[in-house]
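See below for the structure under consideration.
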2 protein chains.
Amino acid sequence: MDSRKKARLTKAGWTTGSTADFLNLSDEESAYIEMKLALSRKLRERRMANKLTQAELADALASSQSRVAKMEAGDPTVSIDLLIKSLLVLGVSKKELARTIS
Amino acid sequence: MDSRKKARLTKAGWTTGSTADFLNLSDEESAYIEMKLALSRKLRERRMANKLTQAELADALASSQSRVAKMEAGDPTVSIDLLIKSLLVLGVSKKELARTIS
DNA sequence: AGAGCGTATGTCAGAAATGACATACAATCA
DNA sequence: TGATTGTATGTCATTTCTGACATACGCTCT
């Protein structure tokens, strides 16, 4: 598995075609990573729409600027839990979350 | 916040009306808990549809029977990450996950 | 009654995620 | 140029989650 390393490689732009194929990710692993990245993008989108800096959002979340940066970067050390909690604080509804991940 | 205690109380059936109201949960907290419980129910539903025992599912997940039981019980120590990963292993699609949480 | 099966619950050592900090990078000013 | 602002990235101590184990509960048999 070693999905951490895989994610790092993926992030580093080490593929031209399908990352899933190249890294031999299972369907479940692919789906999981796709969901996480979709949530990451949504977070950045929402933060910017609200005209917040990462530091300001971090305050609202009782977190830190560096963690917000990692959330938006899809860092492997960030859980879906944290992404969801953050999006909820930003006022995203369950319905919109659902739309985001599907 | 102390959402652990709140979740335990909720589980213990300590309300007749709205649990959110009674426990002074914020909208975000309510939404988060609702999503978790929806995923819990879906997990049990899928496991049973596949005619698996908790122990058998635990094997498929490289987890343990007790953790599966906790997942299905909506235990506060279970993350949404774990629920999602488990559902994906059970063959649930992103689309169905989305439908579940919304 | 006792045996077997599936599930629930408490505990805990080890693993993973988190906030915080330092620091580097990039862009935009004056 | 240097200063400021926002973001990225690495590290680390603490917190939280996880699998494993023990054990209890409920049910269905014989």
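FYI, side chains are in, hydrogens and waters are out, and symmetry mates aren't considered; it's all heavy atoms of this structure. First the proteins, then the strands, lettered A, B, ... as listed; each starts at 1.
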Salt bridge (Lys or Arg N to Asp or Glu O under 4.0 Å) with B/E72: which of B/K36, B/R41, B/R47?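 By the salt bridge (Lys or Arg N to Asp or Glu O under 4.0 Å) criterion, B/E72 pairs with just one of B/K36, B/R41, B/R47: B/R47.
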
Rounded off to whole Å, could you give me the [atom1]-to-[atom2] distance for the [X] and [N] pair?
{"X": "A/I80", "N": "D/dT18", "atom1": "CD1", "atom2": "P", "result": "12 Å"}
{"X": "A/L52", "N": "D/dT5", "atom1": "CG", "atom2": "P", "result": "17 Å"}
{"X": "B/R47", "N": "C/dG6", "atom1": "CZ", "atom2": "P", "result": "10 Å"}
{"X": "A/L57", "N": "D/dT7", "atom1": "CG", "atom2": "C1'", "result": "13 Å"}
{"X": "A/K51", "N": "D/dT7", "atom1": "NZ", "atom2": "P", "result": "13 Å"}
{"X": "A/D81", "N": "D/dT15", "atom1": "CG", "atom2": "P", "result": "19 Å"}
{"X": "A/K36", "N": "C/dA16", "atom1": "NZ", "atom2": "P", "result": "13 Å"}
{"X": "B/D75", "N": "C/dG10", "atom1": "CG", "atom2": "P", "result": "9 Å"}

Quick one: does any side-chain atom of A/K42 pair with a main-chain N or O of A/L83 as donor and acceptor, under 3.5 Å?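 Not a single qualifying donor-acceptor pair exists.
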
Is the shortest heavy-atom distance from the side chain of [X] to the side chain of [Y] under 4.5 Å?
{"X": "B/I101", "Y": "B/L97", "value": "no"}
{"X": "A/Y32", "Y": "A/I80", "value": "yes"}
{"X": "A/L52", "Y": "A/L90", "value": "yes"}

Given D/dT18, is OP1 or OP2 found less than 4.0 Å from the side-chain N or O atoms of B/S79?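 Answer yes for this pair, as a side-chain N or O of B/S79 is under 4.0 Å from OP1 or OP2.
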
Starting at the 5' end of DNA chain C, which residue's closest nucleotide do you reach first, B/E56 or B/K85?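 Between the two, 5'-proximity favours B/E56.
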
Least distance between heavy atoms, A/L61 atom then A/V68 atom: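 Looks like CD1-CG2, 4.4 Å.
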
Do you know the tightest heavy-atom contact between B/L43 and B/S86?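 Looking at all heavy atoms of both residues, the closest pair is CD1-CB, 4.0 Å.
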
Nucleic acid footprint by protein, nucleotides 19-27 of chain C - heavy-atom cut-off 4.0 Å, B for base, S for sugar-phosphate alone: BBB------

Contacts of B/E34 that satisfy side-chain contact (heavy atoms from CB on, under 4.5 Å) - sequence neighbours left out: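 B/E34 satisfies side-chain contact (heavy atoms from CB on, under 4.5 Å) with A/K94, B/S30 only.
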
When all nucleic acid strands are considered with a 4.0 Å heavy-atom cut-off, which category describes A/V68: base, sugar-phosphate, or nothing?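 It contacts nothing in the nucleic acid.
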
Kindly check if the number of other-residue, nucleotide or ligand heavy atoms within 6.0 Å of CG (B/D27) is above 12?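 No - once you tally the heavy atoms of other residues, nucleotides and ligands closer than 6.0 Å, there are 12 at most.
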
In dot-bracket form, 5' to 3', how is DNA chain C paired? Count Watson-Crick and G-U wobble pairs only if both distances fall under 3.5 Å, and write | where the partner sits on another strand. ||||||||||||||||||||||||||||||

Nucleotide of D/dT9, C/dT18, D/dG6 approaching A/A69 most closely (side-chain heavy atoms):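 The answer is D/dT9.
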
